[in-house]
Amino acid sequence: MSITVEDFGQLPDGRYVRRYRLTNRRGTIASFVDYGAAWMGFQRPEDTESLVLGCDTLEALLNQTAFLGSTVGRYANRIANGQFELDGKRLQVDQNEGRHHLHGGVENFTQTLWTVEEQQDIQNGVMIRFSHNSPSGNGGFPGNVQVSVDIRLTDDDRVEFRYRASSDTKTVFGMTNHVYFNLDGRTAGSLENHEFCIPAQTVVDVDANAIPNGELVEIKNTPLDLLNWTNVDAVLSQTNDSRLLRAGGFDHCFCYPNDNVLRQVASAKSEMSNVQLTCSSNQPGLQFYSGNFLANTPYGTNENYQKYGGFCFEPGQWPDSPNQPTFPNSVLEEGEVYDSVIIYEFSPC
């Protein structure tokens, strides 16, 4: 087991970005950079290339807009019109996706150089901790927020994320990781060999701008039904479903109980490469994204990812929760500790 550190490049303001490679006893390597606390690679000894879509250069990381591997906040997902009410006051946050708010706004956690507080061997693996102090007003959100992300690579090829945060005043808060996977390898370019299983009964109903209307939709026996193993590449090539067509593919929040219980929320597998990925979380939502707008996302010099070339399992809050009284609460009270867990587990099919 080991953690190695190397320079990844220099930001325009002169600060250095570093890459951290975590290696377990099997020889599996998970790599992260402190810019965006981003997950840049995952490769087991039996893999021919990384199963995580990362960037080979800092230039590519700075130029991409797909949130590749990034720690997302202050609020992951969308907020309608960039507005919400808190204690009777109407607040305006960044509108960085048309008139709406997405993933923390203009200056978000993705574009932050995080501090590495700790890196150490642990029982059955290795761990690294990233931290960040987000000042009040960041993205338009109130409260000085202290955030940490503990990332563990275990000897049985689990990558575990634990997000903690506290604020000195009441605010709205929610985080996730925006890692992209392709179980056939990051440059495979399609999901044609993948099958997915998401054991949820409903999704959040949204409009053409992916903004919720406050309703949940039963998905059994619809093209969004992933209760059984389903090849989504085949679904997308044949669908006339309006919800898939207007999103350009899957980009939907699958709903779970808001009970803080750690549960399996999604799985994917490729029998061609004999890899299965299982995602577990204590969060009430799972945003499943099929890489609909991944085309032309750079990862190296003149090298780009392709549309549907990767997928995301993003556990977190439901979209626009601050404006939807029937959705799970996204308010972080003064002194309260935000505590979120996401686990990605890799195994043979």
### Query
Does Pro315 offer a backbone N or O that forms a donor-acceptor pair with the side chain of Thr176 under 3.5 Å?
yes
### Message
A side-chain contact here means heavy atoms from C-beta on lying under 4.5 Å apart; do Leu227 and Gln201 qualify?
### Response
yes
### Task
Considering only NZ, NE, NH1 and NH2 on the basic side and carboxylate oxygens on the acidic side, decide whether Arg164 and Asp150 come within less than 4.0 Å.
yes
### Query
How are the rings of Phe313 and Phe181 set to each other: parallel, tilted or perpendicular (split at 30° and 60°)?
tilted
### Query
Can a salt bridge be assigned to the pair Glu334 and Lys170 using a cut-off of 4.0 Å between side-chain N and carboxylate O?
no
### Task
Report yes if the side chains of Ser321 and Asn329 come closer than 4.5 Å at any heavy-atom pair, otherwise no.
no
### Task
Quick one: pull up CG in Leu226 and CD1 in Ile198 and give me the separation to the nearest 0.5 Å.
5.0 Å
### Task
Search all heavy atoms of Leu86 against all heavy atoms of Pro142 and return the closest pair with its distance.
CD2-CG, 4.1 Å
### Query
Ring centres of Tyr35 and Trp114 under 6.0 Å apart?
no
### Query
With a 4.5 Å limit on heavy-atom distance, are the side chains of Ser340 and Asn282 in contact?
yes
#### Entry: Enclosure of Glu107 CD (heavy-atom neighbours >12, cutoff 6.0 Å)
no
### Message
Is there a side-chain contact between His101 and Asn96 in this structure, where contact means two heavy atoms from C-beta onward sitting under 4.5 Å apart?
### Response
yes
### Query
Does some side-chain heavy atom of Val341 sit less than 4.5 Å from a side-chain heavy atom of Tyr163?
no
### Message
Salt bridge or not between Glu160 and Arg158? Use side-chain N to carboxylate O under 4.0 Å.
### Response
yes
### Query
Hey, is the main chain of Gly104 close enough, under 3.5 Å, to the side chain of Asn108 for a donor-acceptor pair?
no
### Message
For a side chain to side chain contact (heavy atoms under 4.5 Å, CB included) check, start with the C-alpha distance between Gln120 and Ile122, then their side-chain angles and the critical distance, and finish with the verdict.
### Response
CA-CA 6 Å; Gln120 63 178 2; Ile122 57 173; 3.9 Å; yes
### Query
Has the side chain of Ser50 got a donor or acceptor atom that lies under 3.5 Å from a matching backbone atom of Gly41?
no
### Task
Indicate, with yes or no, if the rings of Trp39 and Tyr180 have centres closer together than 6.0 Å.
no
### Query
Does a side-chain N-to-carboxylate-O contact under 4.0 Å join Glu46 and Arg26?
yes
### Message
Quick test of your reading of the model: are Lys89 and Asp87 salt-bridged, counting only N-O distances below 4.0 Å?
### Response
no
### Aromatic centroids of Tyr344 and Phe346 separated by under 6.0 Å
no
### Task
Report the C-alpha distance between Gln119 and Tyr20 in whole Å, list the side-chain angles of each, state the deciding distance to 0.1 Å, and finish with yes or no for side chain to side chain contact (heavy atoms under 4.5 Å, CB included).
CA-CA 10 Å; Gln119 42 185 313; Tyr20 299 80; 4.0 Å; yes
### Between Asn193 and Ser270, a side-chain donor and acceptor under 3.5 Å
no
### Query
Sub-3.5 Å donor-acceptor pair from the side chain of Asn292 to the main-chain atoms of Phe250, do we have one?
yes
### Message
When you measure from the side chain of Glu314 to the backbone of Leu286, do you find a donor-acceptor pair of N or O atoms at a distance under 3.5 Å?
### Response
no
#### Entry: Matching residue for Leu153 among Val126, Asn124, Ile128 - test: side chain to side chain contact (heavy atoms under 4.5 Å, CB included)
Val126
### Task
Carefully, step by step, assess Thr28 and Asp157 under the rule side chain to side chain donor-acceptor pair (under 3.5 Å).
CA-CA 7 Å; Thr28 296; Asp157 291 341; 2.8 Å; yes
### Task
Could you go through the side chain to side chain donor-acceptor pair (under 3.5 Å) check for Asn81 and Gln95 one step at a time?
CA-CA 7 Å; Asn81 300 309; Gln95 295 166 292; 5.4 Å; no
### Query
Is any NZ, NE, NH1 or NH2 atom of the basic residue among Asp34 and Arg18 found under 4.0 Å from an Asp or Glu carboxylate oxygen of the other?
no
### Task
Examine distances only and state if a side-chain atom of Ser2 and a backbone atom of Thr23 form a donor-acceptor pair shorter than 3.5 Å.
no
### Query
Do other residues, nucleotides or ligands put more than 12 heavy atoms under 6.0 Å from Glu59 CD?
no
### Message
Looking at Asn302, I'd like to know if its CG atom is crowded, meaning that more than 12 non-hydrogen atoms belonging to other residues, nucleotides or ligands lie closer than 6.0 Å.
### Response
no
### Task
Look at the side chain of Gln283 and the backbone N and O of Gly285, then say whether any donor-acceptor pair between them is shorter than 3.5 Å.
no
### Query
Step by step, would you call Cys55 with Leu68 a side chain to side chain contact (heavy atoms under 4.5 Å, CB included)?
CA-CA 8 Å; Cys55 291; Leu68 289 176; 3.6 Å; yes
### Query
Salt bridge or not for Asp56 and Arg186, using N-O below 4.0 Å?
yes
### Task
Could you tell me if the ring centre of Phe141 sits under 6.0 Å from that of Tyr75?
no
### Task
List the atom of Asn274, the atom of Cys349, and the distance in Å for their closest heavy-atom pair.
OD1-N, 3.0 Å
### Query
Within a strict 4.5 Å, meaning less than it, do heavy atoms of the Val217 and Thr202 side chains meet?
no
#### Entry: Stepwise side chain to side chain donor-acceptor pair (under 3.5 Å) check, Glu117 with Ser131
CA-CA 7 Å; Glu117 276 194 352; Ser131 67; 3.2 Å; yes
### Task
Kindly say whether Asn24 contributes a backbone atom to a donor-acceptor pair with the side chain of Asp155 at under 3.5 angstrom?
no
### Message
Between Phe288 and Phe196 (judged by ring centroids, cut-off 6.0 Å), do the two rings come close enough to count as a pair?
### Response
yes
#### Entry: Crowding at CG, Asn228 (>12 non-hydrogen neighbours, <6.0 Å)
no
### Note: Asp320-Arg78 ion pair, threshold 4.0 Å (strictly below)
no
### Message
Test side chain to side chain contact (heavy atoms under 4.5 Å, CB included) on Leu91 and Gln83; report intermediate values, then the result.
### Response
CA-CA 6 Å; Leu91 299 181; Gln83 296 182 353; over 6 Å; no
### Message
side chain to side chain donor-acceptor pair (under 3.5 Å) for Asn304 and Asn296? Distances and angles first, verdict last.
### Response
CA-CA 5 Å; Asn304 301 302; Asn296 300 316; 4.6 Å; no
### Query
With respect to Arg74, which candidate in Thr171, Val93, Val147, Leu332 satisfies the side chain to side chain contact (heavy atoms under 4.5 Å, CB included) definition?
Thr171
### Query
Which atom names give the shortest non-hydrogen contact between Glu49 and Asp184, and what distance separates them?
OE2-O, 4.3 Å
### Query
Would you find a donor on one side and an acceptor on the other, under 3.5 Å apart, between the side chain of Thr239 and the backbone of Asp241?
yes
### Message
Looking at Gln123, I want to see if its CD is surrounded by more than 12 non-hydrogen atoms of other residues, nucleotides or ligands under 6.0 Å.
### Response
no
### Donor-acceptor pair, side chain of Asn138 and main chain of Pro135, under 3.5 angstrom
no
### Query
Is it true that Arg243 and Asp205 make a salt bridge, defined as a side-chain N closer than 4.0 Å to a carboxylate O?
yes
### Query
Apart from Val206 itself, what residues make up its hydrophobic cluster when side-chain heavy atoms of I, L, V, M, F, W and Y under 4.5 Å apart count as a link, directly or indirectly?
Val204, Leu216, Trp318, Phe327
#### Entry: Side-chain heavy-atom pair His194, Phe311 within 4.5 angstrom cut-off
yes
### Query
Closest approach of Asp94 and Gly140, non-hydrogen atoms and distance?
OD1-N, 4.4 Å
### Query
Can the ring centres of Phe109 and His178 be said to be less than 6.0 Å apart?
no
### Message
Do Leu51 and Asn182 have side chains that approach each other closer than 4.5 Å (heavy atoms only, starting at C-beta)?
### Response
no
